[in-house]
Visitor: 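Got a structure for you, written out below as structure tokens; questions coming shortly.
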Number of protein chains: 2
Amino acid sequence: MKDNNDMPGHLARRFQQIAVAVFLAEVGDAGFDLTPVQYAALATIKANPGLDQVTLAGLIAYDRTTITGVIDRLVQKGLIERRASSRDRRARELEITDEGRRTLRKITPAVEAAQQIMLRGLSAKEGEDLMRLLRKAIAAGNELSRAPLREA
Amino acid sequence: MKDNNDMPGHLARRFQQIAVAVFLAEVGDAGFDLTPVQYAALATIKANPGLDQVTLAGLIAYDRTTITGVIDRLVQKGLIERRASSRDRRARELEITDEGRRTLRKITPAVEAAQQIMLRGLSAKEGEDLMRLLRKAIAAGNELSRAPLREA
DNA sequence: TACTGATAGTCAGCATACTGAGCAATATCC
DNA sequence: GGATATTGCTCAGTATGCTGACTATCAGTA
């Protein structure tokens, strides 16, 4: 009988669970109310001004039906704006607001601290190894989920 | 500016996302409708007959409020039974049914195939390394989530 | 034994994720 | 140019996961 600890799927779930908890704790302590998912979306919108929702979803590997709610909440918080595209009337262009930019700047230290804490049981080299192996496994499995990563 | 690919949190989410998709695809192809979470609960109930919900949650690191719904669905599918404990009237004892045992036996190949597929980009040694590093990081972060792993 | 604190379970509410369906608009092909 | 396919987005429904609150019960102690 295989143990849970021999199942990559179980380890994946557990590591993700801890990663989210650490992120929320660090960001919360810093005085912000932003989830890991919202943070990634916000940072990606800042780096790609005016992108549409499908492109955003592709850049961070979110499902297109998930991104709708995430964007709703970022708009609600005043961190981004969503407006109709002039070129394609189906699409919505996303833009970060000044408030969003400020939030992103102030929250960065907490986010980076969180990334450290997630790996606190590992040496620097082990942390690098873990990230390298994850990247490799993810690259090989990219097309297996409904929301694969898509380059711009 | 740090890239998403340098963030262990982002890699964790992505790997977990692929792991779930692979699991559901393999198990679905085998003709079963069981999630990774339901599978782990079912297997743990089989291995620990009569355990209560809190103990089960601790063994697989689920939140106690999440386990309620998972158990509801396993009961609904006829794979387990939930009955009041005679020793502690607050607690519910969980028992696998014959149907649950049959299901577990028949889906095991699909589950194991899924674990292979998740790691298909890695060599055998790399897969082992990845699991070892995940186990180590998880052990160090165990207490950081609301639902830590608890030994029996 | 009565009080107090801890524990088992549930519930409401919110935030991902996904399936599948649908609408509107754009692209493509004949 | 018009039928057809595709694309961007949304919605309803289901399944984790979590926070925080609540009930019922149990355990320890004054």
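Reminder, nothing fancy here: chain letters follow the sequence lines and each chain counts from 1.
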Visitor: Compare all side-chain heavy atoms of A:F23 with those of A:Q115 and state whether any distance is below 4.5 angstrom.
Guide: yes
Visitor: In whole angstrom, what separates A:R64's CZ from D:dT7's P?
Guide: 11 Å
Visitor: Side chain of A:T66 only, heavy atoms from C-beta on: which candidate in D:dT10, D:dG8, C:dC18 is closest?
Guide: C:dC18
Visitor: For the pair made of CD1 in B:I60 and C1' in D:dT16, what is the distance, rounded to whole Å?
Guide: 12 Å
Visitor: If we only count heavy atoms from C-beta on, is the B:L94 to B:E81 side-chain gap below 4.5 Å?
Guide: no
Visitor: Would you indicate which nucleotide in D:dC9, C:dG9, D:dT10 comes nearest to any side-chain atom of B:A91?
Guide: C:dG9
Visitor: Side-chain N or O of B:Q53 less than 4.0 angstrom from OP1 or OP2 on C:dT7?
Guide: no
Visitor: Measure from CZ on A:R13 to P on C:dA17 and round the result to the nearest Å.
Guide: 14 Å
Visitor: Is any side-chain heavy atom of B:L11 closer than 4.5 Å to a side-chain heavy atom of A:M131?
Guide: yes
Visitor: Without hydrogens or angle criteria, can the side chains of B:S85 and B:D88 be said to hold a donor-acceptor pair below 3.5 Å?
Guide: no
Visitor: Answer yes or no: are there more than 12 heavy-atom neighbours, outside B:Q76 itself, under 6.0 Å from its atom CD?
Guide: no
Visitor: Select base, sugar-phosphate, or nothing to describe what A:T35 touches, counting heavy atoms under 4.0 Å on all strands.
Guide: sugar-phosphate
Visitor: If you measure from the Lys or Arg side-chain nitrogens to the Asp or Glu carboxylate oxygens, is any gap between B:E143 and B:R150 under 4.0 Å?
Guide: yes
Visitor: Of B:D52 and A:V37, whose nearest nucleotide on DNA chain C comes first from the 5' end?
Guide: B:D52
Visitor: Between P on D:dG8 and CZ on A:R150, what's the gap in Å once rounded to a whole number?
Guide: 12 Å
Visitor: Contact class for A:R92 (heavy atom, under 4.0 Å): base, sugar-phosphate, or nothing?
Guide: sugar-phosphate
Visitor: What residues in residues 17-34 of chain A put a non-hydrogen atom under 4.0 Å from any atom of DNA chain C?
Guide: none
Visitor: For B:R14 and C:dT16, what is the distance between atoms CZ and P respectively, to the nearest whole Å?
Guide: 17 Å
Visitor: What are the residues of residues 133-144 of chain B, sorted by number, that bring a heavy atom to within less than 4.0 Å of DNA chain D?
Guide: none
Visitor: Among the candidates D:dT19, D:dC9, C:dG9, find the nucleotide nearest to the side-chain atoms of B:D63.
Guide: D:dT19
Visitor: Is there a continuous path of hydrophobic side-chain contacts, each under 4.5 Å between heavy atoms, that joins B:L59 to A:I18?
Guide: no
Visitor: Would you say A:T97's side chain and A:L79's backbone share a donor-acceptor pair under 3.5 angstrom?
Guide: yes
Visitor: Are A:N4 and A:R14 linked by a side-chain donor-acceptor pair shorter than 3.5 Å?
Guide: no
Visitor: Look at A:R82 together with A:D72 and state whether they make a salt bridge at an N to O cut-off of under 4.0 Å.
Guide: yes
Visitor: So, do B:E93 and B:R87 sit near enough that their side-chain heavy atoms are less than 4.5 Å apart?
Guide: yes
Visitor: Indicate yes or no: does B:D129 engage B:K125 in a salt bridge with an N to O separation below 4.0 Å.
Guide: yes
Visitor: Indicate, with a heavy-atom threshold strictly under 4.0 Å, whether B:E93 touches base, sugar-phosphate, or nothing.
Guide: nothing
Visitor: Any side-chain N or O of A:Q16 under 4.0 Å from OP1/OP2 of D:dT16?
Guide: no
Visitor: Contacts to DNA chain C from residues 68-90 of chain B, heavy-atom cutoff under 4.0 Å, which residues?
Guide: B:T68, B:R82, B:R90
